Number of protein chains: 2
Amino acid sequence: MSAHNLPKSRAEIVELLRRHRISPTQQRVEIAQIVLSKPQHLSADEVLALANQRGSRVSKATVYNTMGLFARVGLVREVIVDPSKVFYDSNVSEHHHFYNLDTGELTDIPAGAVELGSLPDLPQGTEAAGVDVIIRVRSSGAVGA
Amino acid sequence: MSAHNLPKSRAEIVELLRRHRISPTQQRVEIAQIVLSKPQHLSADEVLALANQRGSRVSKATVYNTMGLFARVGLVREVIVDPSKVFYDSNVSEHHHFYNLDTGELTDIPAGAVELGSLPDLPQGTEAAGVDVIIRVRSSGAVGA
DNA sequence: CTGCTTGCAAAGGCTTTGCAGAACA
DNA sequence: TGTTCTGCAAAGCCTTTGCAAGCAG
């Protein structure tokens with residue numbers, strides 16, 4: 001599963017949203033076009049900025065609603081690496097991340113470059129919902145404290 | 001390295017702080033006693049609550065300052081799993097976490113239960129600062145949406 | 001003494017919420 | 001036409017900051 005090949009045309013987006021039982025309103029389609037156009041990591045604020053920049057009139061509230069909705073249905077993945085903001089990753093296939101503490105840059109770890117053996121036993125009464133691996137890095141030469 | 005055996009006596013705490021070049025003020029010692037007394041995951045708010053509950057007069061600002069300081073010197077580890085708050089882990093040795101999305105509970109993954117092969121090549125110009133593995137789980141039977 | 005710390009309250013940044021008007025089916 | 005969605009602004013939560021008073025060495 002997974003591997004939508006990041007559609008672009010309005011029609012494809014509409015189709016994609018419908019498939020996820022999301023009614024394709026104008027704003028959702030615009031946001032989807034922006035976010036799903038290519039593999040990328042965007043904060044809510046960046047999505048809003050890109051939308052405005054494209055001339056779409058979308059409000060902050062709608063961006064949050066929409067990204068939350070997309071995350072819930074699996075169109076995007078939330079990446080939690082920074083306490084101050086959530087990143088949305090348009091690449092939903094299984095992969096992990098580097099997070100640069102100095103620049104705030106979030107990048108993908110090439111698929112298969114990190115191998116988790118088998119999952120450990122989960123706490124009793126729980127089922128797995130996802131595995132995140134984050135490798136925090138620092139720009140070489142960056143002065144600490 | 002690592003493996004402080006979670007000291008308890010005031011004298012040990014003072015000694016520990018000095019070793020980390022932190023001047024052992026009354027508040028820092030109290031907070032350290034609370035936090036480092038055993039392996040645990042606490043939010044800033046919980047640290048404050050525990051302090052007040054013990055009769056220590058410590059302000060919220062001081063809790064944040066102090067936990068930030070402790071994290072910087074490596075006395076505790078920040079765990080970022082929830083966009084809404086930071087957890088501080090008194091267990092500084094290398095290990096990973098389960099995070100229960102339904103209860104907000106953060107628990108340790110037994111050492112060695114997760115094996116990362118070798119680290120992948122880091123982005124150019126960066127050096128590793130830490131690796132976090134978070135296995136998100138959901139209470140079995142919890143109803144989604 | 002001199003500087004580092006603390007505490008209070010205000011400010012700040014991200015996200016959520018309430019509610020009226022607009023769009024969708 | 002009934003329901004769902006949008007947008008604005010206000011509210012909320014966690015965290016940081018400014019500044020005067022207090023403690024450490």
Side-chain angles (χ1 to χ4, degrees), chain A residues 10 13-15 17-18 20-34 41-52 54-73 75-76 78-88 101 104 106 145, chain B residues 10-11 13-15 17-32 34 41-52 54-73 75-76 78-88 104 106 145:
Chain A
R10 199 153 204 106
I13 292 284
V14 168
E15 176 43 27
L17 294 184
R18 286 232 161 83
H20 286 272
R21 308 183 153 266
I22 293 175
S23 68
T25 65
Q26 196 170 311
Q27 288 81 345
R28 286 169 178 170
V29 173
E30 308 242 334
I31 291 173
Q33 285 192 290
I34 291 167
H41 307 104
L42 298 172
S43 64
D45 224 47
E46 292 171 327
V47 173
L48 180 61
L50 287 171
N52 289 332
R54 261 181 53 146
S56 322
R57 24 184 179 27
V58 181
S59 71
K60 185 179 296 190
T62 296
V63 169
Y64 277 103
N65 284 337
T66 302
M67 296 311 292
L69 179 59
F70 285 3
R72 242 172 291 128
V73 303
L75 277 173
V76 300
E78 288 184 339
V79 184
I80 319 275
V81 287
D82 185 316
S84 75
K85 60 171 181 279
V86 174
F87 283 99
Y88 295 96
L101 298 168
L106 185 64
Chain B
R10 201 154 201 106
I13 292 284
V14 168
E15 176 43 26
L17 295 183
R18 286 231 161 84
R19 221 179 299 144
H20 287 271
R21 308 182 153 269
I22 293 175
S23 71
T25 64
Q26 195 171 312
Q27 289 82 342
R28 286 169 178 170
V29 173
E30 309 241 335
I31 291 173
I34 291 167
H41 308 104
L42 298 172
S43 64
D45 225 47
E46 292 171 326
V47 173
L48 180 60
L50 287 172
N52 289 333
R54 260 182 52 148
S56 321
R57 26 189 176 21
V58 180
S59 69
K60 185 180 295 190
T62 297
V63 169
Y64 277 104
N65 284 338
T66 302
M67 295 312 291
L69 179 58
F70 286 2
R72 243 172 291 127
V73 303
L75 277 172
V76 300
E78 287 184 340
V79 183
I80 320 273
V81 286
D82 185 317
S84 75
K85 60 173 182 278
V86 173
F87 283 99
Y88 295 97
L106 186 65

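Being a predicted model, the structure only gives us computed values, none of them experimental. Every chain is numbered from 1 and lettered A, B, ... according to where its sequence line falls, protein lines coming before strand lines. Computation of the quantities below employed the complete heavy-atom set of this structure, encompassing side-chain atoms and omitting hydrogens, waters and symmetry-equivalent molecules.
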Going by salt bridge (Lys or Arg N to Asp or Glu O under 4.0 Å), name the residues that satisfy it together with B:R54, two or more places apart in sequence or in a different chain.
none

N or O in side chain of A:R28 less than 4.0 angstrom from D:dC5 OP1/OP2:
yes

What one-letter contact string describes nucleotides 8-25 of chain D from 5' to 3', where B marks a base within less than 4.0 Å of any protein heavy atom, S marks contact via sugar-phosphate atoms alone, and - marks no contact?
B-----SBBB-------S

Nearest whole angstrom, please: distance from the P of C:dT6 to the CD of B:E30.
11 Å

Using the C1' atoms of five pairs at each end, what's the angle between the two axes of the helix from C:dC1-D:dG25 to C:dA25-D:dT1, to 10 degrees?
30°

Contacts of type side-chain contact (heavy atoms from CB on, under 4.5 Å), residue B:P24, not counting sequence neighbours
B:V14, B:L17, B:R18, B:V29

Separation of B:R10 CZ from B:E30 CD (nearest 0.5 Å)
5.0 Å

Residues in side-chain contact (heavy atoms from CB on, under 4.5 Å) contact with B:D82, at least two apart in sequence or another chain
B:S84, B:Y99

Result block: side-chain N/O donor-acceptor pairs under 3.5 angstrom for residues 62-70 of chain A, not counting sequence neighbours:
from  : atom 1 : to    : atom 2 : distance (Å)
A:T62 : OG1    : A:S59 : OG     : 3.1
A:N65 : ND2    : A:A61 : O      : 3.4
A:T66 : OG1    : A:T62 : O      : 2.7

Value in whole Å for how far the P atom of C:dC8 lies from CD of B:Q27:
11 Å

Go through the structure and list residues passing side-chain hydrogen bond (donor to acceptor under 3.5 Å, both in side chains) with B:R57, not counting sequence neighbours.
none

Value in whole Å for how far the C1' atom of C:dC4 lies from CG of B:L17
15 Å

For A:E15, give me all partners under salt bridge (Lys or Arg N to Asp or Glu O under 4.0 Å), at least two apart in sequence or on another chain.
A:R19

To the nearest angstrom, the CZ-P distance between B:R57 and C:dC8 comes to 11 Å

In whole angstroms, the gap separating P of C:dC14 from CD of A:E78 amounts to 16 Å

What residues, two or more places apart in sequence or in another chain, satisfy salt bridge (Lys or Arg N to Asp or Glu O under 4.0 Å) together with B:E46?
none

Protein-nucleotide distance (B:L48, atom CG; C:dG7, atom P), rounded to Å:
10 Å

